[in-house]
Amino acid sequence: MNDALLPEIRAAVDRFVPWLESYGETSQDHQDYFASRWGRAAKSLYYRHKTAGLLAVAPMVACEAFVPWTRRFFHPRMRLPIADAHYAMGFSLLYRATARQECYAKALHFLEVLERERCPGYDRFGWGYPFGWQTRQGMIKAWTPMITTTPYCYEAFEYVFRIDGNPRWREILRSTAEHAYLDYDDVPAGPRAATCTYFPHEEPGVVNASAYRAFLLTSAEREFGDARYGQAAEKNINFVLQCQQPGGSWPYAMDGVRNFVDHFHTCFVLKGLAKIERLTGHAGCRQAIDRGMEYYLKNLFDEEGLPKPFAKAPRLTVYKRELYDCAECLNLGVLLAGRYPEFDAANERLLRHLFIRWAKCDGSFRSRKLLVGYDNVPMHRWGQSELFRSLCLILAKSDGFEPIPPGPQAN
């Protein structure tokens, strides 16, 4: 990262922190329209009867495209564990970069929130959405653990444990690792490969889900020395590697239906592999990252050299660019810094663009660039918390902190 950008990054973080304090820890969300009872019913109809369903979802799609401030009429503000985990990590990183005790105190605050937000009814720590989520397979109840949310919470506790060594956090890490190992099914998917389920015992085949679980279990094996975790992780890693297409991309899922390639899910897969490679020196991950980055840089940036949502949009897209993609791009950029000069340059270009076009006077950031104008509704889970963490990660890394302690080097 160009050191000349560090003062702007510090200034952006210094504006964001008081904004968060004044705005509060709840917000509207990306899923507001379809988290409402009417929205869930419309989405269910769409999955069952596409033509009738299109008529049902059209008003909400139109609101999202042209009057996004109407979210508040569909669902109240809420807090989501994935955002709280990112804020916990962000303040931990900011403490690393500044040694300010108030940053450590805020990280502790968000961990305590995460303790309370664990999904009820489960023996072990796991986290999910506080609203019902309509999928193709049916309704997922609120507070069902998700393997795409839980690893962020695991990392949040790990970040703070590495600061204070509190055994309370380590107990939660162990419980979360056991949840990831025991409460999700492994479905065989080829030689020495298995896809994990997205929810406990439901919906296998989503590529980024297996990447998330593989990282969590790889990290947990290193922390606790439990070979079970590493064995399960290796099967999920092999599934992710075999799902990579000849051109280097990963489809969202291997079900023959959800085969789109988008920006932030590609980042999820790449960052999972990058963390595993960092921890273990896994040669297969390194090779897949090289191929994946070649595809990513060619197909998921637009003519301005900025992140675009899809390699090829699978449906009508009502926005041109979104903050979530930008935040995940920056996060991946820190993990892979120095390996791909074109990507380093893209991240510097993105930071300058964000500070000029997306930063708001109150300290927050725009959420989306729409077909006309911007969506200025702050959503903690959909970009604000992820960007805060990414900016704090850049600052901590510039001060010598390594977010993923290195393991063996690949052969």
Side-chain angles (χ1 to χ4, degrees), residues 6 9-27 78-119 125-127 130 149-177 212 215-216 219-220 223 271 275 327-328 330-331 334-335 363-365 378-405:
L6 292 177
I9 295 170
R10 291 190 189 96
V13 169
D14 287 344
R15 289 192 299 269
F16 187 92
V17 170
W19 168 79
L20 176 61
E21 189 69 28
S22 64
Y23 186 78
E25 297 169 8
T26 63
S27 73
M78 56 183 162
R79 70 183 312 144
L80 291 102
I82 194 169
D84 290 325
H86 277 86
Y87 283 132
M89 287 187 279
F91 280 107
S92 299
L93 292 164
L94 196 55
Y95 172 75
R96 295 277 189 180
T98 66
R100 297 204 305 255
Q101 284 298 317
E102 62 266 29
C103 297
Y104 171 61
K106 287 294 287 186
L108 290 181
H109 161 72
F110 281 105
L111 285 199
E112 289 164 357
V113 169
L114 286 172
E115 279 191 281
R116 298 194 298 269
E117 286 182 322
R118 62 175 289 190
C119 293
F125 275 77
W127 292 266
T149 291
T150 295
Y152 290 113
C153 302
Y154 180 92
E155 279 192 286
F157 284 100
E158 182 185 39
Y159 272 38
V160 179
F161 176 68
R162 287 169 63 190
I163 291 172
D164 62 18
N166 188 333
R168 173 182 166 192
W169 311 141
R170 195 169 191 270
E171 289 174 10
I172 294 173
L173 289 172
R174 181 66 164 187
S175 176
T176 307
Y212 273 119
F215 160 65
L216 191 160
S219 180
E223 178 64 34
K271 76 179 181 184
K275 291 174 181 179
E328 288 301 332
L330 292 174
N331 182 28
V334 178
L335 289 172
S364 67
F365 290 83
M379 295 180 277
H380 289 316
R381 198 259 300 205
W382 206 251
Q384 301 293 333
S385 66
E386 291 84 0
L387 184 60
F388 175 67
R389 179 194 178 277
S390 292
L391 296 177
C392 293
L393 179 58
I394 294 170
L395 294 178
K397 187 78 181 288
S398 72
D399 204 43
F401 174 68
E402 288 295 338
I404 306 293

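Side chains are part of it too, since the values below use all heavy atoms of this structure and drop only hydrogens, waters and symmetry mates.
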May I ask you to decide if Ile172's main-chain N or O and Thr176's side chain share a donor-acceptor pair within less than 3.5 Å?
-> yes
Heavy-atom check, side chain of Phe125 versus side chain of Cys153, under 4.5 Å = no
Passing option when Phe388 is tested against Trp19, Phe110, Phe16 for ring pair (Phe, Tyr, Trp, His ring centres under 6.0 Å) | Phe16
Hey, are the side chains of Leu393 and Asn331 touching, using non-hydrogen atoms and a 4.5 Å cut-off?
-> yes
Is there a side chain to side chain contact (heavy atoms under 4.5 Å, CB included) between Leu93 and Lys397 once you walk through the steps?
-> CA-CA 9 Å; Leu93 292 164; Lys397 187 78 181 288; over 6 Å; no
Thinking salt bridges, do Glu223 and Arg162 make one under a 4.0 Å N-O criterion?
-> no
Are a donor atom and an acceptor atom from the side chains of Asp164 and Trp169 found within less than 3.5 Å of each other?
-> yes
Under a 4.5 Å cut-off applied to non-hydrogen side-chain atoms, are Val17 and Glu21 in contact?
-> no
Between the side chains of Tyr159 and Arg389, is a donor N or O closer than 3.5 angstrom to an acceptor N or O?
-> yes
Is any side-chain heavy atom of Tyr95 closer than 4.5 Å to a side-chain heavy atom of Glu102?
-> no
His380 vs Tyr87, ring pair (Phe, Tyr, Trp, His ring centres under 6.0 Å): CA-CA, chis, key distance, verdict = CA-CA 9 Å; His380 289 316; Tyr87 283 132; 5.3 Å; yes
Taking the side chain as every heavy atom from C-beta outward, state whether Lys271 and Phe215 have any atom pair closer than 4.5 Å.
-> no
Any sub-3.5 Å donor-acceptor pair from Ser92's side-chain atoms to Ala107's backbone N or O?
-> no
Do Leu111 and Phe157 pass the side chain to side chain contact (heavy atoms under 4.5 Å, CB included) test, and can you show the C-alpha distance, the side-chain angles, and the key distance before you say yes or no?
-> CA-CA 7 Å; Leu111 285 199; Phe157 284 100; 3.7 Å; yes
Please test Tyr152 against Tyr212 for ring pair (Phe, Tyr, Trp, His ring centres under 6.0 Å), starting from the C-alpha separation and ending with a verdict.
-> CA-CA 9 Å; Tyr152 290 113; Tyr212 273 119; 5.4 Å; yes
Is the backbone N or O of Glu386 less than 3.5 Å from a side-chain atom of Ser390, with the two atoms forming a donor-acceptor pair by type?
-> yes
Calculate, to the nearest 0.5 Å, the distance between atoms CZ and OG1 belonging to Arg381 and Thr149 respectively.
-> 7.5 Å
Between Ser27 and Gln384, do the side chains contain an N or O donor and an N or O acceptor separated by less than 3.5 Å?
-> no
Tyr23 versus Ser364: any side-chain heavy-atom pair under 4.5 Å?
-> no
May I ask you to decide if Pro130's main-chain N or O and Arg79's side chain share a donor-acceptor pair within less than 3.5 Å?
-> no
Could you tell me whether the side chain of Glu171 and the main chain of Arg168 form a donor-acceptor pair under 3.5 Å?
-> no
Short question: side chain of Arg100, backbone of Leu94 - any donor-acceptor pair under 3.5 Å?
-> no
Between Leu391 and Leu387, is a side chain to side chain contact (heavy atoms under 4.5 Å, CB included) present by the stated rule, with each step listed?
-> CA-CA 6 Å; Leu391 296 177; Leu387 184 60; 4.2 Å; yes
